[in-house]
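Okay, so here's the structure we're looking at.
These numbers come from the heavy atoms of this one structure, side chains and all, not from hydrogens, waters or symmetry mates. Chain identifiers are assigned alphabetically (A, B, ...) following the order of the sequence lines, protein sequences preceding nucleic acid strands; residue numbering begins at 1 within each chain.
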Amino acid sequence: MKSNNPRSHYLHETPSTIAQSETEDEVSPFFVDLTLLNESNLDHLRNVGLLPPLPVQPVSFIEDANDSDGEDGLLLSDQNTSSMEDAAGVISDDAADNHGEFDPYAIRLLREAHTSYLVNALSTPLSKGFVSLDASHPWMIYWCLHSLDLLSYFDHPTSSNNHDDVLMDVDVMQKADLLMRIVSTLDSCWTELDVDFSIEDVMGDARLNLLYQQQQQQKQQHNQQSNNQDSNDKSQDKSYTTTKAGGFGGGPSQMPHCAPSYAAILSLSIIASLGSPSRDDENNIPQSSSHHPYHKAGLAALHSLSSKRLQLYAFYVSLRVNASELYGVTNSTAFRMQHDGEVDVRATYCLLAPCYLLGLLDDENDNDDTHHHNTKECQIKKNSNLLKVLAITRHIASCQTFEGGFGAEPQNEAHGGYTFCALAALRILNS
Amino acid sequence: MNAANYTVWHYRRRILMELGGGSINEEAIERDLDFADDLGGTNPKNYQLWYHRRALLEIRFHNASDDDGAEAAQRELSYVDRILEDDSKNYHAWSHRQWIIRTLDNPSLWKSEIEYSHTKIREDPRNNSAWSQRWFATHRGKVAFASELADEEAHYARCGAELDPYNESPWRYLIGVLMEQWRSAHKEGNVGEIEKVNGLISRNITETKQMHQSLEINPPSEADVNVPCVSLMSALVDLLEIYGNKSSLDEATTLCKTLIEVDRVRRKYWHKREVDIRKANENTHNK
């Protein structure tokens with residue numbers, strides 16, 4: 001397989017150009033001009049599934065004595081329409097882009113292979129080398145779950161009343177079971193954390209206030225039940241108050257951290273939406289959503305998120321760092337990835353995305369948390385949110401470098417990953 | 001077993017603090033830096049290890065006198081240098097160097113970091129991290145260069161580009177220097193400053209075009225014939241756009257059209273640049 005790939009050009013050899021050349025040599029065999037391949041090579045790729053199967057050619061019509069209406073001899077002559085099922089039952093839309101013409105070079109995703117790889121990762125015990133990812137359980141889940149979702153693995157579940165295909169029922173049940181197990185695994189990665197806030201902060205922020213009220217009520221109920229004297233009057237003397245915040249860690253008993261929290265919240269969001277019937281409008285699921293096979297898992301995910309929402313907010317607020325002190329940029333706010341952990345723009349993104357999903361960023365028009373009528377503090381004005389859009393924006397902006405991209409911290413080199421985090425965070429704040 | 005177990009690292013620091021009665025003494029700091037070093041060999045890109053070093057050093061730098069602090073910084077900078085010998089572009093390593101120098105804010109450290117960046121650039125002019133570090137060190141964490149310094153830095157960048165115009169890094173550095181001058185001149189609105197900056201940009205346009213011509217007319221070797229120098233042309237587009245008069249913008253538009261053809265991977269980007277430049281041209285010059 002001869003390839004004619006352009007190589008990076010240089011006039012002066014350096015360690016970088018050497019490394020680049022070596023890499024280009026190594027990958028060169030895999031960069032192939034498909035149109036230059038011979039038929040046997042192409043057949044091989046078709047057998048592997050990377051290229052679409054050839055449409056069956058029309059046969060010339062031969063008269064058959066038994067074929068009275070003349071139909072039998074004409075086979076699949078017109079399969080150049082947009083939907084072609086191959087032997088594996090995969091509906092291919094290869095031709096869709098080509099306006100109905102077959103493109104023999106339209107490379108396909110090996111959906112089945114990828115799907116079984118991912119399902120395996122979620123169900124087979126991992127080998128011991130994976131201990132290095134022991135602080136990343138929610139990530140492993142998110143990478144696999146999100147990929148499966150994108151591969152349509154969870155699409156088109158039939159209702160459990162479909163008796164026509166028992167195997168399909170078992171398949172759907174297994175998927176629903178997988179989703180339930182994911183929810184309970186993620187819940188086991190949840191850890192609570194005592195955080196001190198100033199009375200001023202708690203009174204000024206509607207959500208912290210609400211959380212504080214809720215936790216006070218719980219304490220009082222607990223004290224009444226066990227006949228204890230209410231001992232938290234002592235907190236009235238202090239200028240701060242202790243709140244039970246919380247977040248997801250990399251595994252059970254691990255401390256809360258922005259990265260696994262991000263992965264867990266996004267995973268739970270996927271499951272919550274899988275369990276809501278509006279998503280599956282192609283199958284005529286009956287009105288009552290409880291018939292939906294993923295309803296139970298979806299509900300569990302939703303419950304998990306809503307019961308943790310305010311504690312997550314408190315956790316995120318507690319991660320704020322005064323970036324003016326750290327980097328000299330006035331009135332700017334950065335975030336740590338964890339308590340006693342590194343500060344970088346990943347943290348900003350990793351907490352803003354869940355905040356957006358959980359409705360924890362203030363919208364000018366609507367803020368459900370300030371409408372809670374249990375608190376007389378619902379008179380607190382909106383925009384008393386401790387996550388200040390402007391200060392956060394200033395910090396992100398200060399991470400942009402002369403190259404135009406963004407670094408992890410101000411002055412750090414522009415880097416693709418951090419640029420993503422910075423831009424995505426700005427986009428979220430802007431909405 | 002799992003150097004990424006961030007909970008255990010935090011737990012370790014808490015124990016050290018408890019044992020030290022609220023802080024961590026020098027001996028323990030030294031010992032734990034060695035411990036992190038042992039683990040760091042196989043984990044040069046582990047966030048927790050680098051943060052552990054930072055957490056320990058924060059205490060050391062906080063408690064140290066100016067001289068001791070500078071000495072301690074040198075030792076740590078040597079450690080980072082070792083890591084960079086292995087992988088000259090390790091992001092954590094460069095970022096750690098910035099933290100040390102920024103935290104101590106010692107004039108001799110800033111100066112020696114310019115030297116260090118220069119050494120790394122000479123070792124490999126395509127090490128973008130080294131160029132980025134030069135920007136950091138010469139700016140000393142403050143805003144724009146004074147114009148004399150800008151002249152020097154622009155010259156430095158042009159030398160890098162002359163060595164190999166196909167190297168993106170010196171061009172981006174050059175554009176960065178000039179854009180910064182342009183922005184600060186226009187922010188102040190001082191006519192003298194603006195004229196100075198226009199002169200600076202104009203000179204750089206001339207030099208860049210000369211480099212372009214000599215590449216095309218006198219390619220260094222057979223292999224270099226007809227290989228378009230995208231980095232140079234891209235920088236030229238930026239320069240012409242900043243300069244902003246009608247003929248420059250016309251030229252820039254033409255260059256973008258060429259780039260659409262020779263830099264196919266970024267053809268949509270070059271198309272957008274062309275559109276933006278044409279619009280700017282119409283707005284400013286067709287009134």
Side-chain angles (χ1 to χ4, degrees), chain A residues 6-20 128-136 139 191 249-260 326-329 336-344 346 398 401-405 407-418, chain B residues 1-11 13-14 43 47-48 50-51 54-55 88-89 91-92 94-95 98-99 102 123-133 135-136 139 141-142 163-169 172-173 175-177 179-180 215 219-221 223-224 227-230 264:
Chain A
R7 299 301 199 95
S8 301
H9 196 69
Y10 60 88
L11 295 185
H12 175 76
E13 189 178 78
T14 82
S16 292
T17 62
I18 293 169
Q20 178 70 18
K128 64 179 179 179
F130 279 90
V131 71
S132 60
L133 282 173
D134 192 35
S136 301
W139 277 118
T191 311
S253 303
Q254 296 182 32
M255 45 187 288
H257 189 293
C258 274
L326 215 52
Y327 307 114
V329 179
R336 283 191 195 276
M337 290 295 287
Q338 57 165 108
H339 288 285
D340 185 28
E342 66 274 19
V343 177
D344 65 53
R346 280 179 308 153
S398 74
T401 79
F402 67 92
E403 290 188 82
E409 294 177 273
Q411 309 268 319
N412 283 179
E413 184 184 8
H415 178 291
Y418 297 113
Chain B
M1 203 168 79
N2 177 18
N5 192 328
Y6 62 88
T7 303
V8 170
W9 279 110
H10 169 65
Y11 194 53
R13 283 189 289 272
R14 278 184 60 191
N43 301 289
Y47 281 97
Q48 286 71 42
W50 286 103
Y51 182 76
R54 229 192 247 211
S88 64
K89 300 176 185 175
Y91 196 88
H92 297 274
W94 284 106
S95 167
Q98 287 197 355
W99 174 76
R102 187 172 75 224
E123 272 173 25
D124 184 357
R126 282 176 184 250
N127 186 341
N128 200 68
S129 305
W131 283 92
S132 175
Q133 195 73 347
W135 181 280
F136 163 77
H139 278 85
K142 294 179 175 60
L163 179 61
D164 186 349
Y166 293 88
N167 179 2
E168 181 80 10
S169 296
R172 289 298 111 206
Y173 195 86
I175 299 301
V177 170
M179 276 300 305
E180 186 184 68
L215 253 188
S221 81
D224 304 314
V227 181
C229 191
V230 172
R264 300 291 297 159

Name the region of B:Gln133, side chain, backbone, both or neither, that has any atom closer than 4.5 Å to a heavy atom of chain A.
neither

Should the pair A:Glu413-B:Arg172 be classified as a salt bridge under the 4.0 Å nitrogen-to-oxygen rule?
no

Under 4.5 Å from any heavy atom of chain B - which part of A:Gln338
side chain

Region of B:Arg13 that comes under 4.5 Å of a non-hydrogen atom in chain A
side chain

Looking at chain B, which one of A:Ala135, A:Gly250, A:Gly341, A:Gly328 has the largest number of heavy-atom pairs inside 4.5 Å, strictly under?
A:Gly341

Check: A:Asn412 side chain, B:Ser95 main-chain N or O, donor-acceptor pair, under 3.5 Å:
no

Heavy-atom pairs under 4.5 Å with chain A - which of B:Glu180, B:Arg102, B:Met179 has more of them than the others?
B:Arg102

Basic-acidic side-chain contact under 4.0 Å: A:Glu13, B:Arg126:
no

Please rank B:Pro165, B:Cys229, B:Pro125 by heavy-atom pairs under 4.5 Å with chain A and give me the top one.
B:Pro125

For A:Leu11, is there any backbone N or O sitting under 3.5 Å from a side-chain donor or acceptor partner on B:Asp164?
yes

Max heavy-atom pairs within cutoff under 4.5 Å with chain A, candidates B:Trp135, B:Trp99, B:Tyr6, goes to B:Tyr6

When you look at CZ of B:Arg14, are more than 12 heavy atoms from neighbouring residues, nucleotides or ligands closer to it than 6.0 Å?
no

Evaluation steps, side chain to side chain donor-acceptor pair (under 3.5 Å), between A:Gln254 and B:Asn5
CA-CA 9 Å; A:Gln254 296 182 32; B:Asn5 192 328; 5.3 Å; no

Residue pair A:His339 / B:His10, side-chain heavy-atom distance below 4.5 Å
no

Could you give the distance from CG (B:Leu163) to NE2 (A:His12), rounded to the nearest 0.5 Å?
4.5 Å

Taking the side chain as everything from C-beta on, heavy atoms only, tell me whether B:Asn128 gets closer than 4.5 Å to A:Glu403.
yes

Assess the pair A:Phe402 and B:Phe136: is the distance between their ring centroids shorter than 6.0 Å?
no

Measure distances from B:Tyr91 to the heavy atoms of chain A and classify the residue's part below 4.5 Å as side chain, backbone, both or neither.
side chain

Any chance you could measure A:Thr14, atom OG1, to B:Glu123, atom CD, to the nearest 0.5 Å?
11.0 Å

Would you mind checking which part of A:Gln411 comes under 4.5 Å of any heavy atom in chain B, side chain (CB onward), backbone (N, CA, C, O), both or neither?
both

On the six-membered ring of B:Tyr47, is A:Arg346 placed so that its NZ or CZ lies under 6.0 angstrom from the centre and within 45° of the ring axis?
yes

Cut-off 3.5 Å, side chains only: do A:Ser132 and B:Asn2 have a donor facing an acceptor?
no

Heavy-atom proximity to chain B below 4.5 Å, by part of A:Tyr418
side chain

